[in-house]
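First the structure, in the form of structure tokens, and then the observations on it.
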Amino acid sequence: MNFVEIIKLALKTSLFLTALGFGLKASPGAAFYLFRNPAQLLRSVLAMNIIMPLVGISMALILDLLLLVKVALIAISVSPLAPIFPKKPLRAGGREEYIIGLMMAVSLFSIILIPITMELIEKIAHKPISISSKAILITVLVTVIIPLAFGIAIRHFIPVLSEKITNVVARIAQVILIITVIPVLFKVLPSILQLIGNGTVLAIAAFVGIGVLVGHILGGPAGEDRTVLALATATRHPAIAITLASANLPDHKLVPATILLYLLINAVVVIPYLKWLQKAKTEMY
């Protein structure tokens with residue numbers, strides 16, 4: 001096993017434990033929350049799985065961007081939520097049942113919707129698109145659905161064990177993630193710097209900003225739900241995005257760097273939104 005394979009295994013382990021940790025805090029009802037609230041489910045799917053792919057396709061067709069960036073935007077737009085997603089909306093006051101329910105619903109829908117969306121994109125762009133449905137299925141199952149469901153099951157059937165191991169699992173996941181991400185960032189930093197320019201940063205920032213706006217508008221009447229959907233619509237699973245983009249650009253070494261650049265820009269772009277929410281809450285009270 002070489003260094004790259006070790007890093008990949010460590011990253012998958014961290015994502016698995018992260019999703020498991022959130023599952024250990026959630027109730028069975030949370031996992032199926034959106035399926036009991038069809039109106040909210042429809043709004044969530046509309047924002048994440050219909051509008052954002054259309055935004056990604058439109059940007060790819062209209063803007064004069066590198067082919068790599070165009071493919072990355074589309075790949076990001078159809079990807080589900082990452083296991084680390086709940087941290088930010090929970091800190092922003094989002095409801096846990098909606099956050100967990102959204103992760104589960106979007107992950108399940110992504111298994112069906114990603115191949116369909118990519119086929120539509122292929123017809124629109126008149127270009128064959130390579131996609132490994134098996135790779136997507138495995139990644140979604142291993143990093144989101146299985147650990148989340150496993151954690152929820154432990155909390156439901158063995159609540160004492162859940163209380164004992166929740167914090168430990170979360171800390172281990174965080175340590176592994178930090179140890180994994182730091183060397184990856186150092187390795188791809190030169191590649192990320194190559195991507196800066198030609199409108200790439202502005203395009204990705206605009207994509208994230210549109211995602212926040214769309215999610216906030218379609219989030220529903222409750223302010224905390226608008227926050228959750230705004231962050232969810234702008235934040236996607238990097239491993240799925242890399243899998244999709246790499247399948248269509250197999251010889252391009254800058255694919256991971258492009259997705260990491262998106263993650264960095266995403267973290268910066270959502271800061272004003274989170275500060276605005278915090279200010280609004282302060283003024284309210």
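Quick caveat: nothing in here was measured; it's all calculated off a predicted structure.
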Atom pairs and distances, donor-acceptor, side-chain atoms in residues 90-104, under 3.5 Å, two or more places apart:
from: R95; atom 1: NE; to: D225; atom 2: OD1; distance (Å): 3.1
from: R95; atom 1: NH1; to: Y33; atom 2: OH; distance (Å): 3.4
from: R95; atom 1: NH1; to: E97; atom 2: OE2; distance (Å): 2.5
from: R95; atom 1: NH2; to: Y33; atom 2: OH; distance (Å): 2.7
from: R95; atom 1: NH2; to: D225; atom 2: OD1; distance (Å): 3.1
from: R95; atom 1: NH2; to: D225; atom 2: OD2; distance (Å): 2.9
from: Y98; atom 1: OH; to: S44; atom 2: OG; distance (Å): 2.9

Would you mind writing out the side-chain donor-acceptor pairs for residues 58-70 within the sub-3.5 Å range, not counting sequence neighbours?
from: S58; atom 1: OG; to: L54; atom 2: O; distance (Å): 2.7
from: K70; atom 1: NZ; to: A60; atom 2: O; distance (Å): 3.2

Residues 189-204, side-chain donor-acceptor partners within the protein, below 3.5 Å, at least two apart:
from: T200; atom 1: OG1; to: L195; atom 2: O; distance (Å): 3.4
from: T200; atom 1: OG1; to: G197; atom 2: O; distance (Å): 3.3

Enumerate donor-acceptor pairs with a distance under 3.5 Å from any side-chain N or O in residues 136-150 to protein atoms, sequence neighbours excluded.
from: T139; atom 1: OG1; to: A135; atom 2: O; distance (Å): 2.8
from: T143; atom 1: OG1; to: T139; atom 2: O; distance (Å): 2.5
from: T143; atom 1: OG1; to: H237; atom 2: NE2; distance (Å): 2.9

Working note: L20 + L17, criterion side chain to side chain contact (heavy atoms under 4.5 Å, CB included); need CA distance, chi angles, decisive distance, verdict.
CA-CA 5 Å; L20 175 63; L17 292 175; 4.2 Å; yes
Please evaluate residues V214 and L229 with respect to the criterion side chain to side chain contact (heavy atoms under 4.5 Å, CB included), reporting the C-alpha separation (whole Å), side-chain torsions for both, the decisive distance (0.1 Å), and the verdict.
CA-CA 8 Å; V214 168; L229 189 57; over 6 Å; no
Do R155 and E163 pass the side chain to side chain contact (heavy atoms under 4.5 Å, CB included) test, and can you show the C-alpha distance, the side-chain angles, and the key distance before you say yes or no?
CA-CA 8 Å; R155 179 182 174 182; E163 290 180 9; over 6 Å; no
Side chain to side chain contact (heavy atoms under 4.5 Å, CB included) assessment of S107 paired with L81:
CA-CA 7 Å; S107 296; L81 291 168; 5.6 Å; no
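One finds the CG atom of L277 at 9.0 Å from the CZ atom of R226 (value rounded to the nearest 0.5 Å). In this structure, CZ in R43 is found 5.5 Å from CD in Q40, a value given to the nearest 0.5 Å. One finds the CG atom of L274 at 5.5 Å from the CG atom of L231 (value rounded to the nearest 0.5 Å).
Note on V175 and L24: separate hydrophobic clusters, where clusters join Ile, Leu, Val, Met, Phe, Trp and Tyr whose side-chain heavy atoms are under 4.5 Å apart, directly or indirectly. I50 and I111 fall within a single hydrophobic cluster, where Ile, Leu, Val, Met, Phe, Trp and Tyr are joined by side-chain heavy atoms under 4.5 Å apart, directly or via other members.
Applying the 6.0 Å contact sphere to NZ of K164 captures no more than 12 heavy atoms from other residues, nucleotides or ligands. Surrounding CD of E224 are more than 12 heavy atoms belonging to other residues, nucleotides or ligands, all under 6.0 Å away.
Among residues at least two apart or in separate chains, side-chain hydrogen bond (donor to acceptor under 3.5 Å, both in side chains) pairs with a member in residues 201-219 are H216-Y273.
Hydrophobic clustering, defined by side-chain heavy atoms of Ile, Leu, Val, Met, Phe, Trp and Tyr closer than 4.5 Å, leaves V268 isolated from every other such residue.
Considering all non-hydrogen atoms of both residues, F207 and S77 come closest at CZ-CB, 3.7 Å.
Using cut-offs of 30° and 60° on the angle between ring planes, the pair F109 and F35 is parallel.
The main-chain N or O of G29 is found under 3.5 Å from a side-chain atom of R36 such that the two form a donor-acceptor pair.
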